Each structure stands twice: as C-alpha cells, then as structure tokens.
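See structure below.
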Amino acid sequence: MNLHESEKAAGILRSLGYEECDREEVADIILFNTCCIRDNAERRAKGNIGAAKVFKRNNPDLIIAVMGCMTQQDSAGEAMAKKFPFVDIILGTNNLDKLAECVEKVRNSRKRSVLIDPCATPEIREDTPVFRTSGTNAWLNIMYGCNNFCTYCIVPYVRGRERSRTPENVMKEFNRLIDEGYKEITLLGQNVNSYGKDLGMTNGFALLLEKIAAVRGDFRVRFMTSHPKDFNADIADVIASSKNICNNIHLPVQSGSDKILKLMNRHYTRDYYMSLIQMIRSKMPDCGITSDIMVGFPYEEDEDFADTLDLVNKVRYSGAFTFVYSPRKGTPAADMPQVPPEVSKRRIIELVNTQNKIVKEISKTFEGKVLRVLCEDLAPKGEGKVCGRSECGRMVTFDGDKHSIGNFYDVKIVKSQSASLFGEVVE
Ligand code: SAH
Ligand code: SF4
C-alpha cells in the first residue's frame, strides 16, 4: 500500500519536472513516505528525517517533505513540525493531492506547508498520476481505509473509513494496466473481502473478481489483504475457477488463541479460521496460504502462545510475516497490561523457528514438480540467472537474462533451500 502511494507521489513530482536520483546529495527534493504500524517503523522514519538535515546545509534550496501515516496520528503533524524545523512540507494521508501545490509554494516563497486533513471519509481521487516502479507487477487500489478497529492497530485512525472505488473505475485502470503490458496486477485494500460494502454491494469482492476473471490476456492477479471474517466460499470459487487469479491467499490469523482473538476484536474464532482453511484447501489443494502472526499481545499467556504454535503447525503456511506486538498510542490495546519484552522475544524466536521449519519442509515437496513462473527480475545472485514467483507465491530462480523478464515459464524445480526454489525451464 505504501509502495504504491510512493509511486503516486513520484507521479506527481514527475509531473512537476522532477526525476529520480540515487543520492540525497544531488536531490532537489527529498520526500519521506512514513509508516506508523509499529514503533520501529516510526523510529526509523524519524531517524532518517533527522539525518536529512545535513543535506540542506550544502543545498539550501533543497525541499524536504514528509507524508504518510505517521503525520496523520493525533497531533503528530505539529509535533513533527516542531521537532524538524528544516522540513518544508508535512502532508497527512488525505492530502497527497496537494503535494504539487505545496512544492510550488516552497519553491516560490520558501513558505512552509503543514496540511493534515482529519476527515475520516475523504473523497477518492481518481486523477493522481502514478510513476510505476514495480517492474512486471502493478499495484491497484480497489479501496482505501478500514472499518475494523482491531484493538492493536493504528490504521483505521490514520487511514479513515472504508471507501471502495467503483467497479467501473477499478476495471478502467485494470484494463489500462493490461494494455500497458503489466503481467501481474495486485489488488490492494486493508480488507479486500469487504470491497463494495460502502457502495451498497453484497459480495462485492467476488463480483469484482468475476469481472477481472473475464478479461482476456496472459496475466495474473493477486490481492491483499483478506480478513478472515469476510472471506467466503464465493470468493474461493471465483479464484478456483479462474486461470488468471492466483491460487494464493494472504489470510492473516494474528493469533491461534480464542481469548486473544477476542481481545484483538478480530470477529472470528480459531475454529472458524480453521474451517476457512479447510474450505480453501478442498477447492484448491495447491493454494499457497500465507499469514500475519503476532506475539506478545496483552494478556497473552504461555498457553495462548502454544495455541498459536499449534495452529501454525496445523495450517502449515507457505509463508508468514511475524511480529512482536507494538503498543500504538490511542488504540485500546495500548492501555491493556503489556507482556514483558523478554517473554515476547522468546516467543517470536520460537514462532519464527517453527514457521521456517515448515517452509523448508514445504519447499522440499516442490522438488521434481513443474511450476508456472512469471520472470520478474535478474536474480540478485548468480550470473545468467533470473527469478520470479510461482502462482502460489514461491520465489523461483532459473536460467535466463533480461529478455526473460515479463514472460511466463514452466519451471521444473530441481533444488530447494529454505524458502527459495531453484529450477530449470521445461521446453
Ligand atoms: N489490513 C491488514 C494488515 C494491516 S497491517 C489485515 O488486517 O490483515 C499488517 C500487519 O501488521 C497486521 O496483519 C498485523 O499482524 C501487524 N500489526 C498491525 N498493528 C500492529 C501492532 N500494533 N504491533 C505489531 N504488529 C502489528
Ligand atoms: Fe488494522 Fe485490523 Fe484494519 Fe487490518 S483489519 S488494517 S489489522 S484494523
């Protein structure tokens, strides 16, 4: 989501004549896109913004700007303006469309702009230029904001309520991206499964996927994120029956303990979640299922964590993002009793080890199989090698060169190493 927003900011800056450069020393503008989902993201952003001051010493015309979730937190904009007097522009999450205006203002008068619109339901802007940087993949927002208020999460406070783009606007952009030659489109939303509810649609996401599945061409579609409470059999049926929609579902569970799920306000139980996994696997046995999992949430006891480990062992995710809970000011969980850091640390290590072992075992089962892979890039290591993901989301390395990028290949897996697969193109 943030990467795509940076692409929009880059599109706006390019429309003003700016181009990308690779060193801060030669930049005319440095724009920080911030995230506040966890404390370490915020700390890193603050560190990087602070470090940018020196570039202004050598280049007084340099414009420094900050955008993204961090600025939108309660009174964060003013605090930031005070802490970083050398920052020229501070924009809230609803104010990206004002970036061009603010840059012009600073250029013309060196006047500082701090714009943070607190509205929770701002209108969707359809006309923002996008400078895409993600190679063969293009991101496509189908909705913005979130209504779920999981008790640990800052997103609904800094991104406002759910707003869906109309199916017409989504399809218009989708078709344009296919015409432009993108081979993989990733649909984005905090909870794509509730797409269209605010437009009065029932089962809007399944209907949207059906429209997308009807588009002809050699491409694939992914989507994220699915909230388990809104995922259903209709959505799974469209994915299962469409050649172009990847059998790959990111279905964050967060915890395997009913007590913790309730405290998190996730609106599903462990049993319900397991029934979804079963339903998905019965329709798509080869579906790659991934998750977000958190440890150290308030009140998490050893037995709750044991439930999480047990669930991880039962589901056998093909990948998982694992996090230590980080209290976010203004969210309900921040006022609950906190788990000691050393306990969280022990748990995250055990969780990561467990998940890594599963991934390694799953990787082994791919040896000898043929996977359809979209070549995305040159491999970071190895001359004459390229890499790309399989439909189920696994990274595969195989022989190729820059001309292979953007093409689909059937690749026979000959070796696996942790999460990585290595193969040979099947003629
Ligand atoms: N909307 C998505 C993901 C949003 S944020 C969803 O509901 O799944 C991505 C992940 O960050 C979350 O799934 C959660 O696991 C993690 N996360 C969110 N807030 C957090 C916090 N305060 N501390 C640690 N991890 C957090
Ligand atoms: Fe945060 Fe929950 Fe919304 Fe995801 S669904 S963005 S975790 S509040």
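We count ligands from 1, going down the list as the structure has it; atoms in each ligand are counted the same way. Numbering of residues begins at 1 and proceeds along the displayed sequence. In this text, all values refer to a predicted model and were calculated from it rather than measured experimentally.
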Strictly by modelled atom types, are [X] and [Y] linked by a side-chain donor-acceptor pair under 3.5 Å?
X: Asp230; Y: Asn191; value: yes
X: Tyr157; Y: Gln72; value: no
X: Asn265; Y: His267; value: yes

Next on the checklist: Closer than 4.0 angstrom, basic N to acidic O: yes or no for Asp302 and Arg347?
Outcome noted: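 Between Arg347 and Asp302 there is a salt bridge, with a charged N closer than 4.0 Å to a carboxylate O.
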
Checklist entry - Would Lys229 count as a cation-pi partner of Tyr268, with NZ or CZ less than 6.0 Å from the six-membered ring centre and within 45° of the ring normal? => result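 Pair Lys229/Tyr268 does not count as cation-pi.
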
Next on the checklist: Quick check with a 6.0 Å cut-off and a 45 degree axis cone: is Arg38 positioned over the face of Phe323's six-membered ring?
Outcome noted: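 Yes, a cation-pi geometry.
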
Item to check | Phe219 ring center within less than 6.0 Å of Phe408 ring center | outcome: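 Between Phe219 and Phe408, which both carry aromatic rings, the centre distance is not below 6.0 Å.
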
Checklist entry - How would you list, by chain and number, the residues with a heavy atom under 4.0 angstrom from ligand 1? => result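 Ligand 1 pocket, heavy atoms under 4.0 Å: Ile37, Arg38, Tyr152, Gln190, Thr225, Pro252, Gln254, Arg266, Asp292, Met294, Phe323, Val324, Tyr325, Ser326, Arg328.
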
Item to check | Donor-acceptor contact below 3.5 Å, side chain Asn193 vs main chain Phe205 | outcome: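 A pair under 3.5 Å: no.
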
Checklist entry - Given side chains that start at C-beta, do those of Leu261 and Thr269 come closer than 4.5 Å, heavy atoms only? => result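 In short, these two side chains do not touch, never coming nearer than 4.5 Å.
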
Checklist entry - Rounded to the nearest 0.5 Å, what separation is found between the CD1 atom of Ile280 and the OG atom of Ser226? => result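 Rounded to the nearest 0.5 Å, the CD1-OG separation comes to 8.0 Å.
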
Item to check | Per-atom contacts, ligand 2 versus Arg266 - under 4.0 Å to a heavy atom | outcome: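 Close to Arg266: 2 (Fe), 7 (S).
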
Checklist entry - What residue and atom, counting heavy atoms only, is the protein's closest point to atom 7 (S) of ligand 2, and at what distance? => result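 Closest protein heavy atom to atom 7 (S) of ligand 2: Tyr152 OH, 3.4 Å.
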
Checklist entry - Which protein atoms of type N, O or S are found under 2.8 Å from atom 3 (Fe) of ligand 2? => result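 Hits for atom 3 (Fe) of ligand 2 below 2.8 Å: Cys146 SG.
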
